[in-house]
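Here is how names work: the chains are called A, B, and so on, in the same order as the sequence lines, proteins then strands, and each is numbered from 1. Bear in mind the structure is a predicted one, so any value in this text is a computation, not a measurement.
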There are 2 protein chains.
Amino acid sequence: MKVRTVDPQVWRCCPPLLTGRLTFEQAEALAGVFRVLGDPTRLYLLSLIAAQPHQEIKACALVETLGLSQPTVSHHLKVMYDAGLLTRERRGTGIYYRLVPQLLSVLRQVLSTDAAIMA
Amino acid sequence: MKVRTVDPQVWRCCPPLLTGRLTFEQAEALAGVFRVLGDPTRLYLLSLIAAQPHQEIKACALVETLGLSQPTVSHHLKVMYDAGLLTRERRGTGIYYRLVPQLLSVLRQVLSTDAAIMA
DNA sequence: CGTCTATATTGACAAGTATCTATACAGTGG
DNA sequence: CCACTGTATAGATACTTGTCAATATAGACG
């Protein structure tokens, strides 16, 4: 239960969840990603970013929208950044967070049921 | 943060996460599902069931395999059952849990990045 | 260089949860 | 009907985590 930052292994391993036994290490890495997505505030935040023109947003813009304290927003952004869901870039006075669509794509693969259906 | 059992709404709503703003209610329902998947033991358990001939397993068979106490296994099975990930059926002396592939399919849709890529 | 704004970190606290032991419940089979 | 086996529930505990207030850090710009 000590998996906080996501092992980069997740990006390449990940046999689809439903087609074979995971090792417990794989399960831990995957669970780490799902746990990051398992918070309504973070999901809402993700969808907010996704709705922006270039799928990016300045951190301070989120504070008022979410109605949470600035440290709390910063915390969630860090969790998602550490999980590889967001990238971070300083531009001018603010820091812009952007979506990394690939990880979500990987998760979609993991959840693929095709093989299970065919079996 | 009070979402434990998953709102059936999840089964029909769920605009893809990346194509528009979720309501906070939608985010809560989705996060509930992801939180269920956000535990390595449960993911490992899911993959174990998926590896069975008919994607089903007798509850007691999991106790020795997982090396956890029977109540703990029962707890995880209940969490996943309540989330709609598993079905439950009594047959003979045991209770058999089976995968519900549809919810995972829904989640895959939710994570779809196609629209975001095209935008 | 100093101030201001934006973001991150620290420390504390409450709520949630994964796990265990002990116990209750529910079919099965004699 | 009684004992047995398999599963669920209750209660307790340790650990995690989402949140906030307070503080630190880091660029930007006079």
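A salt bridge is absent between B/Glu28 and B/Arg35; no separation between the charged side-chain nitrogens and carboxylate oxygens falls under 4.0 Å.
Using a 4.5 Å cut-off between side-chain heavy atoms of Ile, Leu, Val, Met, Phe, Trp and Tyr, with links allowed through other members, A/Tyr81 and A/Tyr96 fall into different hydrophobic clusters.
The side chain of A/Arg35 places no N or O atom within less than 4.0 Å of a non-bridging phosphate oxygen (OP1 or OP2) of D/dT16. In this model, the phosphate group of C/dT19 is not approached by any side-chain N or O of B/Ser69 to a distance below 4.0 Å at OP1 or OP2. Remark: A/Ser74 is not in phosphate contact with D/dT19, judged by side-chain N or O atoms under 4.0 Å from OP1 or OP2. Contact annotation: B/Thr72 side-chain N/O to C/dT21 OP1/OP2 distance is not under 4.0 Å.
Using a 4.5 Å heavy-atom threshold, the side chains of A/Arg98 and A/Leu86 count as separate. Proximity of A/Val100 to A/Leu85: side-chain heavy atoms (C-beta onward) are nowhere separated by under 4.5 Å. In this structure the side chain of A/Ile95 never reaches within 4.5 angstrom of the side chain of A/Glu89, judged on heavy atoms. Within the 4.5 Å cutoff, the side chain of A/Leu77 has heavy atoms near those of the A/Leu62 side chain. Counting heavy atoms from C-beta outward, B/Met80 and B/Leu46 have side chains that approach closer than 4.5 Å.
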Nucleic acid footprint by protein, nucleotides 25-30 of chain D - heavy-atom cut-off 4.0 Å, B for base, S for sugar-phosphate alone
--SS--
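Nearest heavy-atom pair, B/Phe34 versus A/Leu43, reported as atom, atom and distance to 0.1 Å: CD1-CD1, 3.9 Å.
The side chain of B/Arg88 lies closest to D/dA8, out of C/dT7, D/dA8, D/dT7. With C/dT9, D/dA8, C/dT19 as the choices, the nucleotide that has an atom nearest any side-chain atom of B/Leu68 turns out to be C/dT19. Distance from the side chain of B/Lys78 is smallest for D/dT9 among the nucleotides D/dG18, C/dA18, D/dT9. Each of C/dA18, D/dT7, D/dA8 was ranked by its minimum atom distance to the side chain of B/His75; first place goes to C/dA18.
We find that NE2 of B/His76 is positioned 9 Å from C1' of C/dT17, with the value rounded to whole Å. Rounding to whole angstrom units, CG of residue B/Leu45 and P of C/dT19 are separated by 10 Å. Taking atom OH of A/Tyr97 as the reference point, atom C1' of C/dA8 lies 8 Å away to the nearest angstrom. To the nearest angstrom, C1' of C/dT7 lies 13 Å from OH of A/Tyr96. Whole-Å rounding puts the A/Glu64 CD to C/dA6 P distance at 11 Å. One interatomic measurement links the two molecules: CG of B/Leu77 to C1' of C/dT17, which rounds to 16 Å at whole-angstrom precision. If you take CG of A/Leu66 and P of C/dT7, they are 13 Å apart, rounded to a whole angstrom. Put simply, CD1 on B/Ile95 is 6 Å from C1' on D/dT7, counting in whole angstrom units.
For the pair B/Pro71 and A/Val73, nearest-nucleotide mapping onto DNA chain D gives the more 5' position to B/Pro71.
If you check distances only, the side chain of A/Gln70 never reaches the base of C/dA6 with a donor-acceptor pair under 3.5 Å.
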